[in-house]
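FYI, side chains are in, hydrogens and waters are out, and symmetry mates aren't considered; it's all heavy atoms of this structure.
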Amino acid sequence: MSAQVENVVIVGTGCAGLTAAIYTGRANLQPLVLEGVLPGGQLTTTSEVENFPGFPEGIDGYQLMQNLRQQAAKFGTRYESGTVTGLDTSAWPYTLKLADREIKAKIVIVATGASPRLTGVPGEKELYGGKGVTTCATCDGAFYRKMEVAVIGGGDSAAEEALFLTRFASKVYLVHRRDSLRASKIMADRATSHEKIQCVWDSVPVAVEGVEQGAVSGLKIKNVKTGAESVLPVKGIFVAIGHVPNTAPFKDAVDTDDQGYFVPVGHSQVKTKTPGVYVAGDCADHHYRQAITAAGMGCQAAIEAERWLAEKGG
């Protein structure tokens, strides 16, 4: 049986993917959106989003994604569950390979996002997303006004997160397994000299406390040199040990950098080396990683896709 042929297949249902669906849907391209293991993306794990334009009182992350999903459906977007395992671009229309089927597509927009690296310690998963454990200071820092928080990590991202949190928190513990930060000198100097930041050297997280209460009550740490354990009395824990872009199935069609993020071609944020294949959102952006920038890239990818298909005679 021959595989179905779609005008546009969008892989991913975060802000980037659903914005691309809205735009391609309004262009009468009848997009098909493939939902993976986390429909709605990372925002579905965020209890309140205060920095997405148009919502002065903030909006629940899950509700925001539901709104985008319904808006895309209004313009003819269809949804199917499935995890893409590969993309064959040797012949056009291209072939998306899934575990149980293949789908042919004239245009592919990859908006698979990135998964934050977590430490894996007990209590972290249970209290992740609105309960005190988070991976985004920009998203959630304002919820911890005049509270003590901890940042786990030692690179530029950790230093940036810690510095941002000083705007709200009364104290920021910066927990790092070594005795100096891996961050660039300027970022390390800013973090280590800030009066609100206390560096906790040679230490690793052991457990997140507060599971029974349903909210973070502390971070248990261990000194790697002495073996001594202690508890930091924090209400918020910000894990800043990097992200893993969800790009592996598409590496043959789209170039990636040494961290695995997609590398667009030319001056575009969304075009790739393969005509008709576009990227959008956190899978191609490890600098901003915001809902609004992902949505903007989804818009760009959709407009570029529509123009390319029209020129090709769709």
Side-chain angles (χ1 to χ4, degrees), residues 12-15 17 35-50 59-66 81 83 112-144 147-155 157-158 160-162 164-165 169 172-177 200 203-224 229-248 259-260 281-283 286 289-291 294:
T13 53
C15 280
E35 299 181 296
V37 294
L38 183 61
Q42 292 185 56
L43 270 191
T44 57
T45 66
T46 302
S47 58
E48 189 170 355
V49 179
E50 292 187 319
I59 183 171
D60 176 80
Y62 178 81
Q63 186 61 53
L64 175 60
M65 300 317 300
Q66 283 296 105
S81 296
T83 300
T112 46
S115 303
R117 281 194 178 95
L118 297 176
T119 66
V121 301
E124 180 183 56
K125 183 178 180 181
E126 292 87 340
L127 297 177
Y128 180 76
K131 299 178 182 178
V133 178
T134 178
T135 55
C136 181
T138 309
C139 310
D140 301 323
F143 299 124
Y144 297 92
M147 300 181 193
E148 295 189 4
V149 299
V151 175
I152 300 171
S157 293
E160 288 173 6
E161 297 271 281
F164 182 84
L165 288 166
V172 180
Y173 296 96
L174 184 51
V175 180
H176 187 42
R177 63 170 56 247
V200 184
S203 297
V204 295
V206 174
V208 175
E209 301 192 337
V211 174
E212 291 183 3
Q213 297 78 24
V216 169
S217 63
L219 176 65
K220 180 181 285 189
I221 59 173
K222 177 181 179 179
N223 187 292
V224 296
E229 293 188 354
S230 59
V231 177
L232 301 177
V234 297
K235 299 297 185 184
I237 298 171
F238 294 78
V239 183
I241 56 176
H243 285 71
V244 181
N246 304 318
T247 58
Q259 298 178 64
D282 287 11
C283 57
H286 51 78
R289 291 200 299 264
Q290 298 299 304

Q) Around R177, counting heavy atoms of other residues, nucleotides and ligands shown, do more than 12 lie under 6.0 Å from its CZ? A) no

Q. Are any of the side-chain heavy atoms of N223 and I221 separated by less than 4.5 Å?
A. no

Q: Please test V175 against V151 for side chain to side chain contact (heavy atoms under 4.5 Å, CB included), starting from the C-alpha separation and ending with a verdict.
A: CA-CA 6 Å; V175 180; V151 175; over 6 Å; no

(Q) Less than 4.5 Å apart, side chain to side chain, heavy atoms only: is that true for V216 and K235? (A) no

(Q) In the structure I gave you, are the side-chain heavy atoms of K220 and E209 within less than 4.5 Å of one another anywhere? (A) yes

Q: Give, for atom CD1 of I152 and atom CD1 of I237, the distance between the pair rounded to the nearest 0.5 Å.
A: 6.0 Å

(Q) Can you confirm whether E229 sits close enough to V206 that some side-chain heavy atom of one is under 4.5 Å from a side-chain heavy atom of the other? (A) yes

Q: For a side-chain contact (heavy atoms from CB on, under 4.5 Å) with L219, tell me which candidate from V234, V149, V133 qualifies.
A: V234

Q: Output the distance between atom NZ (K222) and atom OG (S230), rounded to the nearest 0.5 Å.
A: 12.0 Å

(Q) Rounded at 0.5 Å granularity, tell me how far CG in D282 sits from OG1 in T247. (A) 12.0 Å

(Q) As a quick check of understanding, evaluate side chain to side chain contact (heavy atoms under 4.5 Å, CB included) for R117 and V244, giving each step before the final call. (A) CA-CA 7 Å; R117 281 194 178 95; V244 181; 3.6 Å; yes

Q: Please report the C-alpha distance between V239 and T134 in whole Å, then the side-chain angles of each, then the deciding distance to 0.1 Å, and finally whether the side chain to side chain contact (heavy atoms under 4.5 Å, CB included) criterion is met.
A: CA-CA 6 Å; V239 183; T134 178; over 6 Å; no

Q) Side-chain contact, heavy-atom cut-off 4.5 Å: Q290 with C15? A) no

**Q.** Spacing of CD belonging to E161 relative to OG1 belonging to T135, to within rounding of 0.5 Å
**A.** 8.0 Å

Q. Is the closest side-chain heavy-atom distance between H286 and Q259 below 4.5 Å?
A. yes

Q) Heavy atoms, side chains only, cut-off 4.5 Å: are C283 and N246 in contact? A) no

Q: Apply side chain to side chain contact (heavy atoms under 4.5 Å, CB included) to R289 and H243, showing your working.
A: CA-CA 10 Å; R289 291 200 299 264; H243 285 71; 3.5 Å; yes

Q: Grab the two heavy atoms, one from E148 and one from P233, that are nearest each other, plus how far apart they are.
A: OE1-CG, 3.5 Å

Q. So how far is it from E160 CD to L165 CG, rounded to the nearest 0.5 Å?
A. 11.5 Å

Q) Are the aromatic rings of F238 and Y144 close, with centres under 6.0 Å apart? A) yes

Q.
Between T119 and E124, is there a side-chain donor-acceptor contact under 3.5 Å, judged purely by atom types and distance?
A. yes

Q) Is there side-chain contact between Y128 and L118, with heavy atoms separated by less than 4.5 Å? A) yes

Q. Hey, what do you get for CE (M65) to CG (D60), rounding to the nearest 0.5 Å?
A. 11.5 Å

Q: Write down the atom of F164, the atom of T138, and the distance for their closest heavy-atom approach.
A: CE2-CA, 3.7 Å

